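One structure is given below, encoded as structure tokens.
Throughout, a chain's letter reflects where its sequence line sits, starting with A, and its residues are numbered from 1. Here the structure is a predicted model, which means the values were calculated and not measured.
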Amino acid sequence: MTDSSKPTLLVVDGHSLAYRAFFALPVDNFTTKDGQHTNGIYGFLSMFVNLIKAEKPTHLAVAFDTSRQSFRTREYSEYKANRSESPAEFKGQIPLLQECLAAMNVTVLTKEDVEADDILATLATQGAADGFDVLVCSGDRDTIQLVTDDVTLLYPSVQGVSQLKRYTPDAVVEKYGLPPENYPDIAALVGETSDNLPGVPKVGEKTAVKWLTQWGTLDALLENADKIGGVVGGNLRDHLDDVRRNRTLNRLLRDVELPVAPADLAVGPIDAEAVRDIFARLEFRTLLPRVFEAAGADPAMAVETAAPAVPAPTAGEPDAAGLAEWATAQTGEVGVSVIVAGGFPQRIGLASADAAVESTWDDDVAAALRDWLESDAPKVLNDAKQQVKALRRAGIRLGGLVFDPLLAGWLLRPSFPDKSLADLVHRYLDEKLPESDPAQLVPETEGATPGQLSWFVLRVADALRGELPASVARVLTEIELPTLGTLADMELAGVSVSHEKLSTFSAELGARSDDIAQRAFATIDREVNLGSPKQLQEVLFEQLQLPKTRKTKTGYSTDAAVLADLQESNPHPFLELLLQHREATKLRQIIESLDTAIAADDRIHTTYVQTGSQTGRLSSTDPNLQNIPIRNEESRRIRAAFEVGEGFETLLTADYSQIEMRIMAHLSEDPGLIEAFVSGEDLHRFVGARVFGVDPEEVTPAMRTKVKAMSYGLVYGLSAFGLSKQLRIEQSEAKQLMLEYFARFGSVRDYLRSSVEQARIDGFTETIFGRRRPFPDLASPNRVLRENAERAALNAPIQGSAADIMKIALVNIHEEFRAQGLRSRVLLQIHDELVVEVSTGEWDAAERIVRDRMGDAADLTVPLEVQIGRGGDWDVAGH
DNA sequence: CTCGGGACGTA
DNA sequence: CGTACGTCCCGAGA
């Protein structure tokens with residue numbers, strides 16, 4: 001037991017423990033979707049938090065080796081020379097582990113020319129002298145020499161890093177028969193295979209201990225080596241130098257110069273935001289609460305963030321007139337927070353830099369504030385869309401929205417969208433937003449009031465503005481904020497969907513999938529759950545003995561591509577039926593989820609997540625209307641259920657043709673590609689003619705398919721391997737195709753190469769309009785990670801520019817419809833397509849506006865071509 | 001009950 | 001060994 005009155009210093013050898021974890025944990029279970037291996041990090045941290053929870057250290061440090069070179073390798077070049085190079089998969093984890101520790105506010109120590117254990121020895125020695133109870137945690141047996149009454153060693157057992165054995169002086173004596181300070185003598189005699197330090201042949205621990213007990217010290221033993229008989233005595237005499245060398249090398253340095261003393265290592269509060277970020281990157285989920293728990297278990301490690309330096313102003317509660325008076329008197333920006341309940345405003349709070357007011361929302365407040373809310377007076381709202389929607393339901397169209405911290409935060413860091421004001425307050429103000437605990441009936445802490453929220457919103461906005469590069473600030477002001485208002489209207493409008501059409505189709509599919517299932521069961525003489533990949537694997541690979549397919553984390557793949565391959569090589573009726581069953585049930589699921597999403601107004605109101613992608617695209621949820629099937633004839637019946645609403649004349653669909661290839665032509669300035677688009681010829685026919693050296697009319701469908709796949713693949717960073725797989729052609733042919741392609745469109749290759757190179761230099765990519773996306777992994781030593789980043793970086797400016805263009809077009813169309821007093825409205829955006837509900841008599845005007853505003857949304861070196869369709873439902877309109 | 005994985009729909 | 005998303009179901013673990 002440690003003396004509870006003394007502070008406890010815990011020092012850990014990060015390298016050796018992470019290395020053990022690396023081999024103990026299966027890498028398959030610890031790889032991020034990007035391919036970063038995390039088993040060493042996970043295993044170390046898991047052990048580490050358990051250790052903190054159990055030992056509750058007051059002071060803490062983790063030491064790492066800097067390299068394999070140290071003073072020991074200089075003294076004895078063979079030192080550790082038998083160790084194979086540690087795998088690259090492990091090395092790449094060390095910087096990330098150090099990042100985790102930094103986020104947890106744990107001091108990380110390294111020093112050139114010494115090993116981690118020397119740092120531990122130094123800290124342990126100083127700590128004991130300074131009155132600490134010291135815990136040393138290392139996987140290197142040499143640290144046994146550090147054990148004293150004040151220093152306890154925690155050593156991982158053979159079971160792995162989760163079990164730690166405690167070495168006190170008594171425990172050392174019990175295990176080795178000698179006190180800790182003699183352990184290096186034993187080790188010097190026996191040798192240490194893992195350090196490539198050979199000892200005396202045939203001498204093990206037993207003999208070493210016997211000798212040392214007999215002679216008292218190693219020196220005495222070595223001096224009297226000639227008195228020892230037998231073969232082992234001879235061996236000892238032959239290896240005296242080895243033993244002396246071993247003893248020199250296994251003595252840990254206790255006087256390494258360090259930038260810190262034990263007292264400087266006091267455990268501090270963890271940086272909750274940073275921990276969340278790095279853990280999210282590493283895809284650690286279960287570990288996150290454990291870290292917080294371990295941190296919370298000790299007040300010294302508690303997650304705490306400073307209270308605001310200046311407390312939030314107490315919000316006044318004037319009456320409706322007073323509220324309006326306060327608002328109109330403001331000359332600067334005003335923070336606004338509308339508390340929404342059931343889709344309508346419930347409370348509203350306003351704040352300036354030093355004052356706040358708030359009120360419950362009622363008709364009087366709405367009437368009093370309407371003019372100001374609708375005016376251009378500058379306002380800042382966080383996550384404004386839902387508040388804008390609530391106000392519109394209450395008959396007020398918010399004006400003067402100049403900033404939204406949530407959007408700004410996403411533009412700065414699209415890979416970690418901060419989800420709430422609290423996240424933003426923490427990250428950008430380093431303060432804690434007062435929040436009441438919803439789990440408590442009577443909350444201990446008061447949450448911020450609407451007026452105070454608004455005050456925080458304003459301050460976060462200021463902090464964010466300071467970080468936004470000018471080009472990104474323009475994207476916010478000119479693209480994102482106007483888009484926000486447009487999306488609010490689109491969501492409120494919703495799209496009319498026929499319950500009848502859906503339910504008829506669903507019933508058909510239900511009957512069909514049951515029938516298919518029965519027939520499938522008949523072919524294998526038993527019933528299984530066709531929706532269970534696990535049960536399917538049993539059927540396919542055990543019962544039917546089909547050849548094993550692509551490996552997955554949990555076994556072998558049974559996806560559609562794999563099943564199609566199997567059907568070709570090993571035909572079996574079950575395979576075809578399974579595919580049909582998948583198709584029918586998938587469609588049915590989509591239909592059912594759409595059906596349940598139809599609201600009381602017979603329309604579906606999706607939610608567009610403006611911060612939902614890393615490239616600048618929107619995403620759509622509850623339900624997702626951006627993935628409604630279209631690829632086969634039957635699935636289009638789903639689109640047919642999306643109808644023009646009552647009181648409107650028709651649906652209009654408008655989509656950009658080949659917008660990404662056009663952006664590629666613009667960015668690469670490739671003369672051939674530009675000519676293709678300017679000529680107005682079918683793109684793939686034109687490209688095919690160039691690549692295959694024939695006239696455009698001689699391009700066969702097969703040739704067209706190939707160049708089409710090639711062109712689209714370019715935008716994604718497709719390899720020859722991928723191209724060959726997709727086209728089911730030889731890799732050599734795919735390679736040849738790429739060579740021919742680039743021979744004719746060389747600037748495309750130049751552009752793609754240089755854009756990734758520029759991103760490597762800048763650390764980010766940029767769209768035509770200045771939207772940025774950071775790519776830290778372009779510099780990663782991990783090849784998988786780096787190459788993934790390269791493909792994403794290749795794609796980001798193209799996909800992102802397309803997203804920018806569509807947003808600009810969408811906003812312009814929406815605003816022109818309103819400016820011209822049309823009832824027609826945009827309902828849906830599906831990345832490069834818009835669905836518009838056209839009011840009676842407005843077709844010509846609407847069609848012209850859509851075509852023009854999509855066509856002139858960006859000024860590229862190639863024209864933006866738009867295809868328009870018309871019909872009473874989405875299926876017809878989309879043709 | 002939550003969570004990860006597999007599968008699959010779209011651009 | 002092709003970018004960007006969201007949703008469903010299953011099965012494992014709490």
Item to complete: Output yes when at least one side-chain N/O atom of A:N624 is less than 4.0 Å from OP1 or OP2 of B:dT10, else no.
Response: no
Discussion item. Taking the minimum atom-to-atom distance to the side chain of A:Q589, which one of C:dC9, C:dT3, C:dG6 wins?
Written reply: C:dC9
Worksheet item: Relative to each other, are the rings of A:H684 and A:Y712 parallel, tilted or perpendicular (30° and 60° limits)?
Response: tilted
Item to complete: Choose from B:dA11, B:dG6, C:dC5 the nucleotide whose nearest atom is closest to any side-chain atom of A:R631.
Response: B:dA11
Worksheet item: Once you round it to whole Å, what is the distance between C1' of C:dC1 and CZ of A:R783?
Response: 9 Å
Discussion item. Can you identify which nucleotide, out of B:dG9, B:dA11, B:dC8, has its nearest atom closest to the A:P629 side chain?
Written reply: B:dG9
Practice prompt. Give one of base, sugar-phosphate or nothing for A:S635, where a contact means two heavy atoms less than 4.0 Å apart.
Written response: nothing
Discussion item. Output the rounded distance in Å from CZ (A:R588) to C1' (B:dG9).
Written reply: 18 Å
Worksheet item: When the distance from OH of A:Y656 to C1' of B:dA11 is rounded to whole Å, what number comes out?
Response: 15 Å
Worksheet entry | Side chain of A:N627 (C-beta onward), nearest among C:dG2, B:dG9, B:dA7 | B:dG9
Worksheet item: Under 4.0 Å: is that the gap between some side-chain N or O of A:K553 and OP1 or OP2 of B:dG5?
Response: yes
Worksheet item: Can you find a side chain N or O atom of A:S557 that sits less than 4.0 Å from OP1 or OP2 on B:dA7?
Response: yes
Worksheet item: Looking only at side-chain N and O atoms, does A:T615 come under 4.0 Å of OP1 or OP2 in C:dC5?
Response: no
Item to complete: Mind checking A:G713 for me? I need base, sugar-phosphate or nothing, with any heavy atom below 4.0 Å counting as a touch.
Response: nothing
Fill in: Nucleotide C:dC5, atom P - distance to CG of A:D832 in whole Å
16 Å
Worksheet item: If you take atom types as modelled and just measure distance, does the side chain of A:K534 reach the base of C:dC10 with a donor-acceptor pair under 3.5 Å?
Response: no
Practice prompt. Round to a whole Å and report the spacing from CD of A:Q537 to C1' of B:dA7.
Written response: 12 Å
Worksheet item: Does a salt bridge link A:E583 with A:R512, judged by any charged N lying under 4.0 Å from a carboxylate O?
Response: no
Discussion item. Please confirm whether the shortest side-chain N or O distance from A:T552 to OP1 or OP2 of B:dG6 is below 4.0 Å.
Written reply: yes
Worksheet item: Would one find a side-chain N or O of A:R773 under 4.0 angstrom from OP1 or OP2 of C:dA4?
Response: yes
Item to complete: Kindly point out which of C:dG2, C:dC5, B:dA7 is positioned nearest to the side chain of A:Q614?
Response: C:dC5
Worksheet item: Reckon A:T554 has a side-chain N or O less than 4.0 Å from the OP1 or OP2 of B:dG6?
Response: yes
Worksheet, complete the sentence: Closest of B:dT10, B:dG6, C:dT3 to the A:P533 side chain is B:dG6
Discussion item. Between P on B:dG6 and CG on A:L540, what's the gap in Å once rounded to a whole number?
Written reply: 16 Å
Practice prompt. Calculate the interatomic distance between A:Y712 atom OH and B:dT10 atom P; express it in whole Å.
Written response: 15 Å
Discussion item. Using side chain to side chain donor-acceptor pair (under 3.5 Å), reason through A:R582 and A:T558 one step at a time and then give a plain yes or no.
Written reply: CA-CA 11 Å; A:R582 284 237 178 101; A:T558 65; 3.1 Å; yes
Worksheet entry | Closest nucleotide among B:dG5, C:dT3, C:dT7 to the A:A792 side chain | C:dT3
Practice prompt. State whether a side-chain donor-acceptor pair under 3.5 Å links A:E833 with A:T653.
Written response: no
Worksheet item: Hey, is CD on A:E730 packed in by over 12 heavy atoms from elsewhere, all under 6.0 Å?
Response: no
Worksheet item: What does A:A560 touch in the nucleic acid at a heavy-atom separation under 4.0 angstrom: a base, only the sugar-phosphate, or nothing?
Response: sugar-phosphate
Worksheet item: Which sits closer to the 5' end of DNA chain C, A:G612 or A:L718, going by the nucleotide each is nearest to?
Response: A:L718
Worksheet item: Expressed in angstrom and rounded to an integer, what is the separation of A:M806 atom CE from C:dC5 atom P?
Response: 18 Å
Discussion item. Using a distance-only criterion (donor-acceptor N/O pair, under 3.5 Å, no hydrogens), is the base of B:dA11 paired with the side chain of A:R617?
Written reply: yes
Worksheet item: Under a 4.0 Å N-O cut-off, is there an ion pair linking A:R704 with A:D682?
Response: yes
Discussion item. With a 4.0 Å limit, can you tell me whether A:Q535 has a side-chain N or O closer than that to the phosphate oxygens OP1/OP2 of C:dG11?
Written reply: yes
Discussion item. What contact category does A:T558 fall into here, base, sugar-phosphate, or nothing, at under 4.0 angstrom with non-hydrogen atoms?
Written reply: sugar-phosphate
Worksheet entry | Which nucleotide in B:dA11, B:dA7, B:dG9 has an atom nearest any side-chain atom of A:R639 | B:dA11
Worksheet item: Can you check whether A:T621 has a side-chain N or O nearer than 4.0 Å to OP1 or OP2 of C:dG6?
Response: no
Worksheet item: Relative to the ring of A:F745, is the ring of A:Y741 parallel (under 30°), tilted (30 to 60°) or perpendicular (over 60°)?
Response: tilted
Discussion item. Under 4.0 Å from OP1 or OP2 of C:dC9: is there any side-chain N or O of A:S532 that close?
Written reply: no
Fill in: Minimum-distance nucleotide (side-chain atoms of A:I630 versus C:dG2, B:dG6, B:dA11)
B:dA11
